[in-house]
Amino acid sequence: MFELTNEQQMIQKLARDFAQEELAPFARERDKHHEFPEQNFKQMGELGLLGIPFPEQYGGAGGDTLSFILAVEEIGKACGGTGLSYAAAVSLGATPFYHFGTEAQKEQYLVPLAQGKTLGAFGLTEPNAGSDAGGTQTTAILDGDEWVINGEKQWITNASFSNQVVVTAVTGKDDRGKKQISAIIVPVGTPGMTIRTPYEKLGVRASNTCEIVLENVRVPRDSVLGDEKKGFHQFLNTLDGGRISIAALSVGIAQSAFEKALAYSKERTQFGQPLSKLQAIQFKLADMAMEIELARTYVWKAATLKDANKPFKKEAAIAKLFCF
Ligand SMILES: Cc1cc2nc3c(=O)[nH]c(=O)nc-3n(C[C@H](O)[C@H](O)[C@H](O)COP(=O)(O)OP(=O)(O)OC[C@H]3O[C@@H](n4cnc5c(N)ncnc54)[C@H](O)[C@@H]3O)c2cc1C
């Protein structure tokens with residue numbers, strides 16, 4: 001049984017009202033002009049949307065994953081690009097600090113992220129490391145009390161508008177002689193770090209997607225996020241949670257497409273009747289509605305398992321594969 005609590009329904013309504021009033025009317029233009037909704041992110045921060053799944057102690061709203069993905073669906077339904085950047089800001093930009101950061105890192109980075117005062121990005125993908133995240137080639141070498149980072153990241157969401165990017169880098173070898181990958185916090189603007197936006201995407205163009213070049217970038221030794229030796233497991237865990245939010249984004253985009261198709265089918269008349277009276281069109285609309293219901297139900301299942309601290313890896317992967 002999936003019945004939303006009063007609090008979850010309130011968050012859903014808050015996100016829906018905001019998204020329909022502030023995002024939907026401008027979504028088409030923003031997509032056309034690749035315009036990142038910086039002002040809207042400030043509003044979302046003020047509404048508490050960027051801190052939904054984090055405790056109040058860290059500037060969050062004390063909500064759960066299900067509440068967060070309800071907001072992702074509403075925002076994605078109004079504007080796919082904003083929805084993508086919102087999903088990434090919370091699940092990739094902020095969540096790693098919550099799960100793996102030290103208290104000092106949580107204070108310094110998570111609190112402003114959850115309050116929506118800053119944005120963060122997560123840089124894992126590289127020209128030769130995508131599905132095969134273990135193929136990371138970026139390196140970080142200790143030089144005295146500093147890490148010296150060299151490498152290239154691609155497809156990194158929100159980096160141009162972020163305060164810091166958490167990048168994955170090879171920092172040595174583990175006990176079995178395999179690459180040891182760590183996650184390192186790099187403040188945007190650190191000398192040697194170049195961020196560009198070279199991509200001509202087919203959609204979600206309001207979302208900021210970046211290439212990052214790191215040339216002898218120096219950060220203090222304590223910039224490692226969490227356990228230096230567990231970077232690989234940390235980001236696999238982060239990606240599991242991220243999959244649920246991208247699945248929710250896809251449900252939002254699908255719901256919007258369905259509603260627009262339904263409205264058009266009632267408006268457009270052929271052979272003396274609206275398209276919606278033709279059975280072949282009714283079948284298509286019914287299939288769309290059915291698939292969206294199934295998709296949403298499964299996303300809620302994955303989120304509910306995560307909230308119950310039960311294994312959700314498989315469900316998150318199925319949700320993303322089915323919905324995306
Ligand atoms: C809009 C957008 C935003 C993104 N934001 C971020 C971000 O914020 N941070 C970040 O780190 N990354 C980000 N990414 C990168 C994303 O996570 C990668 O695209 C993903 O890891 C897949 O890597 P790839 O695109 O290089 O595809 P590849 O790994 O090159 O895969 C290409 C194809 O081969 C298939 N394939 C790969 N391996 C196998 C296998 N073993 N068996 C069968 N088939 C296989 C894949 O399914 C795919 O169809 C973003 C991507 C996009 C498009």
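Start at 1 and go down the list; that is how both ligands and their atoms are numbered. FYI, the numbering just counts along the sequence from 1.
Atom 13 (C) of ligand 1 has as its closest protein heavy atom Trp155 O, 2.8 Å. Among protein heavy atoms, atom 1 (C) of ligand 1 sits closest to Leu84 CD2, 3.8 Å. Among all non-hydrogen protein atoms, the one lying nearest atom 9 (N) of ligand 1 is Phe122 O, 2.8 Å. Scanning the protein for heavy atoms near atom 8 (O) of ligand 1, the closest one is Thr157 N, 3.0 Å.
Using a 4.5 Å heavy-atom cutoff, the side chains of Glu146 and Arg221 are not in contact.
Side-chain contact of Thr209 with Lys201: a donor-acceptor pair under 3.5 Å is present, judged by distance alone. A donor and an acceptor atom, one from each side chain of Ser67 and Asp64, are located under 3.5 Å apart. For Glu259 and Gln255, the side-chain atoms include at least one donor-acceptor pair closer than 3.5 Å. In summary, the side chains of Lys229 and Ser182 do not present any donor paired with an acceptor at a separation below 3.5 Å, with no hydrogens or angles considered. Between Lys106 and Thr102, the side chains place no donor N or O within less than 3.5 Å of an acceptor N or O (distance only, hydrogens not considered). Remark: the Thr139 side chain and the Asn150 side chain contain no N/O donor-acceptor pair separated by less than 3.5 Å.
By the ring-ring contact (aromatic ring centres under 6.0 Å, His included) test, Tyr58 pairs with no residue at all, sequence neighbours left out.
In this structure, atom 21 (O) of ligand 1 has a protein heavy-atom contact shorter than 4.0 Å. Counting only heavy atoms, the protein gets under 4.0 Å from atom 15 (C) of ligand 1. There is no protein heavy atom closer than 4.0 angstrom to atom 45 (C) of ligand 1. Proximity of atom 48 (C) of ligand 1 to the protein is not indicated, since no non-hydrogen protein atom lies closer than 4.0 angstrom. Shown here, atom 25 (O) of ligand 1 is out of close reach of the protein: none of its heavy atoms lies under 4.0 Å off. In this structure, atom 35 (C) of ligand 1 has its sub-4.0 angstrom surroundings free of protein heavy atoms. Distance check on atom 30 (O) of ligand 1: every protein heavy atom falls at or beyond the 4.0 Å cut-off. Distance check for atom 41 (N) of ligand 1: every protein heavy atom is found at 4.0 Å or beyond.
Between Asp240 and Arg243 a salt bridge is recorded (basic side-chain N to carboxylate O distance below 4.0 Å).
Proximity of the aromatic rings of Tyr298 and Phe322 is defined here by a centroid distance below 6.0 angstrom, and this criterion is not met.
Every N/O-N/O distance between Thr209 and ligand 1 stays at or above 3.5 Å. In terms of polar-atom proximity, defined here as any N/O pair under 3.5 Å, Val204 makes no such contact with ligand 1. By the 3.5 Å distance cut-off applied to N or O atoms, Thr125 is counted among the residues near ligand 1. Annotation: Gln154 places no N or O atom under 3.5 Å from an N or O atom of ligand 1; distance criterion only.
Closest heavy-atom approach to atom 28 (P) of ligand 1 among the candidates Gly123, Gly130, Ser131: Ser131.
Distances below 4.0 Å separate heavy atoms of Leu92 from the following atoms of ligand 1: 8 (O). Of all atoms in ligand 1, listed by their number and element, those nearer than 4.0 Å to a heavy atom of Ile156 are 7 (C), 8 (O), 9 (N), 10 (C), 11 (O).
Aromatic ring orientation, Trp155 versus Tyr199: parallel (interplanar angle below 30°, classes split at 30° and 60°).
From Gln180, atom CD reaches atom OG1 of Thr171 across 4.0 Å, with rounding to the nearest 0.5 Å.
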